[in-house]
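Each remark here refers to the structure printed beneath this line.
These numbers come from the heavy atoms of this one structure, side chains and all, not from hydrogens, waters or symmetry mates. Throughout, numbering of the chain's residues begins at 1 and tracks the sequence.
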Amino acid sequence: MKYKSKFLLFLPLVLLVFFNVSCSRGWLRSKIQERFQKKMEEKPAPVASSDLITKIENPGDYTFTFSHGGFPRYYKVHVPKTYSPNKETPLLLVLHGGGGDMEIQSNEDYYHQISKSEENGHITIFPNGYSKYKSGKIATWNAGNCCAEARDKNIDDVGFIKKILNHANKQLQIDKTKVYATGMSNGAMMSYRLACEMADQLAAITTVAGTDNTISCNPTKPISVLHIHAKDDDKVLFHGGAGNSFKDRSIVTDFVSVPKTISKWVNLNQCNPTTKRVLEEPGVTCDEYSECKAGVKVKLCVTESGGHSWPGGKKPSLFFGSATPSKAIKANDAMWEFFKTE
């Protein structure tokens with residue numbers, strides 16, 4: 001009873017300390033958020049050209065802007081050293097993950113897209129998703145049921161990509177039979193939406209760490225799909241759902257599983273549902289569905305580890321957690337091997 005009395009005596013003090021600590025943490029969290037918002041609002045808009053007509057004849061990096069849907073939109077273009085305005089060249093659209101932007105996705109340290117462009121000789125375009133900030137930072141894509149403000153404001157990202165392709169065809173010598181799309185996470189989901197709504201302008205897509213979360217899907221023709229996913233992805237869960245690392249579930253969705261996504265595209269492309277194992281190495285397997293309509297293919301590569309990341313790359317830790325990307329496969333190499341068979 002003596003100890004109980006002492007406990008009851010000090011209980012108000014303990015509760016007061018706990019309350020003050022909790023309030024202090026809440027206050028600190030609020031201040032950090034305010035400072036972050038202020039910092040983001042102060043970031044300048046990308047330095048970009050609005051000249052969308054003049055021919056690009058020299059290799060290098062270019063940034064462009066135009067208004068779409070009442071918002072300024074941006075995209076970067078990388079033209080490899082081997083480019084010739086007299087020769088039709090393949091084009092790859094690379095879509096960043098949710099919360100990322102064109103600068104992160106084009107960062108050679110993370111995704112190695114620039115070096116692959118130079119090695120392979122294709123043009124690469126990095127569109128920037130919708131952002132409430134003039135800098136274009138912390139951008140998302142309206143991929144249907146995901147993600148964040150791009151979805152909530154029903155941003156016309158398909159129309160945005162179509163306009164980019166229209167401008168690119170005027171400025172560059174593009175091989176229209178070899179236009180591809182790829183993306184990471186929310187960018188992968190957007191790639192699926194492009195396959196649903198722009199199949200007539202794309203030869204194939206590759207998606208990494210993002211499933212098909214479109215609301216409707218009626219492709220005008222069959223299209224080849226390569227999907228790359230880690231079994232231990234802690235954000236877009238392999239067997240469906242959103243990982244616990246999402247503090248605000250309202251900005252995402254209950255993600256469709258990888259198996260359901262693959263089954264959908266096997267059906268859409270009218271493939272033979274019997275799969276063939278085409279790669280089995282330590283840490284990775286790849287299965288392919290063939291005998292599809294119009295000769296397209298559906299392929300799934302699964303890594304044992306790597307979490308929510310780009311295999312063979314380096315993760316921007318700010319957005320995608322702590323797991324080290326798988327080295328069992330390089331997404332860029334697997335992607336271009338797949339594209340070249342189309």
Side-chain angles (χ1 to χ4, degrees), residues 40 43 46 61 63 74-78 80-81 92-120 122-129 131 135-141 147 180-191 205-211 226-238 243 245-246 258 279 281-286 301-339:
M40 296 307 300
K43 285 184 177 292
D61 296 300
T63 303
Y74 302 92
Y75 65 100
K76 291 185 70 175
V77 179
H78 178 75
K81 291 178 180 149
L92 176 64
L93 294 159
V94 183
L95 308 176
H96 61 76
D101 57 58
M102 62 187 181
E103 298 295 344
I104 290 175
Q105 197 64 36
S106 62
N107 188 315
E108 179 62 16
D109 289 342
Y110 298 142
Y111 295 102
H112 314 311
Q113 295 289 350
I114 302 299
S115 57
K116 192 63 181 179
S117 170
E118 292 296 337
E119 173 195 331
N120 200 44
H122 64 272
I123 296 163
T124 308
I125 293 182
F126 303 91
N128 206 98
S131 171
S135 63
K137 301 295 183 185
I138 314 184
T140 53
W141 298 104
C147 294
Y180 311 99
T182 188
M184 167 70 197
S185 188
N186 182 206
M189 298 171 201
M190 188 64 207
S191 295
I205 66 166
T206 291
T207 64
V208 179
T211 55
L226 166 61
H227 187 111
I228 301 173
H229 216 105
K231 272 188 180 178
D232 65 347
D233 192 317
D234 60 344
K235 287 187 176 290
V236 183
L237 305 183
F238 189 90
S245 58
F246 288 108
V258 174
L279 177 70
E281 293 183 358
V284 61
T285 59
C286 292
C301 290
V302 180
T303 61
E304 288 294 327
S305 63
H308 194 66
S309 65
W310 188 273
K314 179 182 176 183
K315 185 181 296 187
S317 57
L318 177 62
F319 301 107
F320 300 131
S322 58
T324 301
S326 173
K327 301 299 181 187
I329 190 175
K330 291 183 178 179
N332 289 337
D333 291 349
M335 171 168 56
W336 278 101
E337 286 170 11
F338 182 73
F339 288 162

Short question: side chain of [X], backbone of [Y] - any donor-acceptor pair under 3.5 Å?
| X | Y | result |
| --- | --- | --- |
| Glu108 | Ser115 | yes |
| Lys327 | Gly313 | yes |
| Gln105 | Tyr111 | no |
| Asn128 | Met102 | yes |
| Thr303 | Ser305 | yes |

>> Could you walk me through whether Ser106 and Asp61 satisfy the side-chain contact (heavy atoms from CB on, under 4.5 Å) test, starting with their C-alpha distance in whole Å, then the side-chain angles of each, then the deciding distance to 0.1 Å, before giving a yes or no?
In response: CA-CA 10 Å; Ser106 62; Asp61 296 300; over 6 Å; no

For [X] and [Y], work out which heavy atoms get closest and say how close.
| X | Y | answer |
| --- | --- | --- |
| Ser191 | Thr206 | OG-O, 4.5 Å |
| Thr140 | Gly98 | CG2-CA, 4.1 Å |
| Leu92 | His122 | CB-CD2, 3.9 Å |
| Leu93 | Pro127 | CD2-CG, 4.3 Å |
| Ser135 | Lys43 | CB-CB, 3.7 Å |
| Thr211 | Val236 | OG1-CG1, 3.9 Å |

Is [Y] close to [X] at the side-chain level, that is, under 4.5 Å between some pair of heavy atoms?
| X | Y | answer |
| --- | --- | --- |
| Ser185 | Trp141 | no |
| Pro311 | Ile228 | yes |
| Pro46 | Lys76 | no |
| Phe238 | Val258 | yes |
| Val77 | Ile123 | yes |
| Lys330 | Met335 | no |
| Cys147 | Met189 | yes |

> With sequence neighbours left out, what residues match Asn107 under side chain to side chain donor-acceptor pair (under 3.5 Å)?
Replying inline: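 Asn107 satisfies side chain to side chain donor-acceptor pair (under 3.5 Å) with no residue once adjacent residues are dropped.
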
>> Once side chain to side chain donor-acceptor pair (under 3.5 Å) is applied, do any residues pair with Asp232, and if so which ones, sequence neighbours excluded?
In response: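 Asp232: no side chain to side chain donor-acceptor pair (under 3.5 Å) contacts found.
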
What distance separates [X] [atom1] from [Y] [atom2], expressed to the nearest 0.5 Å?
| X | Y | atom1 | atom2 | answer |
| --- | --- | --- | --- | --- |
| Lys314 | Thr324 | NZ | OG1 | 11.0 Å |
| Leu279 | Glu337 | CG | CD | 9.0 Å |
| His308 | Asp233 | NE2 | CG | 5.5 Å |
| Asp101 | Ile138 | CG | CD1 | 9.0 Å |
| Asn120 | Asp333 | CG | CG | 9.5 Å |
| Glu304 | Thr285 | CD | OG1 | 7.0 Å |

>> When you compare the side chains of Lys235 and Ser245, does any donor N or O come within less than 3.5 Å of an acceptor on the partner?
In response: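 The criterion, which ignores hydrogens and geometry beyond distance, is satisfied for Ser245 and Lys235.
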
>> Would you say Glu103 and His96 are linked by a side-chain donor-acceptor pair, where the criterion is simply a distance under 3.5 Å?
In response: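 Glu103 and His96 do not have a side-chain donor-acceptor pair below 3.5 Å.
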
> Of the options Ser309, Pro325, Pro316, which is the one that meets Tyr110 in a side chain to side chain contact (heavy atoms under 4.5 Å, CB included)?
Replying inline: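 Running side chain to side chain contact (heavy atoms under 4.5 Å, CB included) over Ser309, Pro325, Pro316 with Tyr110 returns exactly one hit, Pro316.
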
> Step by step, would you call Leu226 with Cys301 a side-chain contact (heavy atoms from CB on, under 4.5 Å)?
Replying inline: CA-CA 8 Å; Leu226 166 61; Cys301 290; 4.1 Å; yes

> Among Lys116, His112, Gln113, which one satisfies side chain to side chain donor-acceptor pair (under 3.5 Å) with Asn332?
Replying inline: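 Going through Lys116, His112, Gln113 one by one, the side chain to side chain donor-acceptor pair (under 3.5 Å) with Asn332 is satisfied by Gln113 alone.
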
> What is the ring orientation for Tyr180 with Phe339, classed by angle as parallel under 30°, tilted 30 to 60°, or perpendicular over 60°?
Replying inline: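 Plane angle under 30°, so parallel.
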
> Among all residues two or more places apart in sequence or in another chain, which pass the ring-ring contact (aromatic ring centres under 6.0 Å, His included) test with Tyr75?
Replying inline: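 Expected list: Phe64.
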
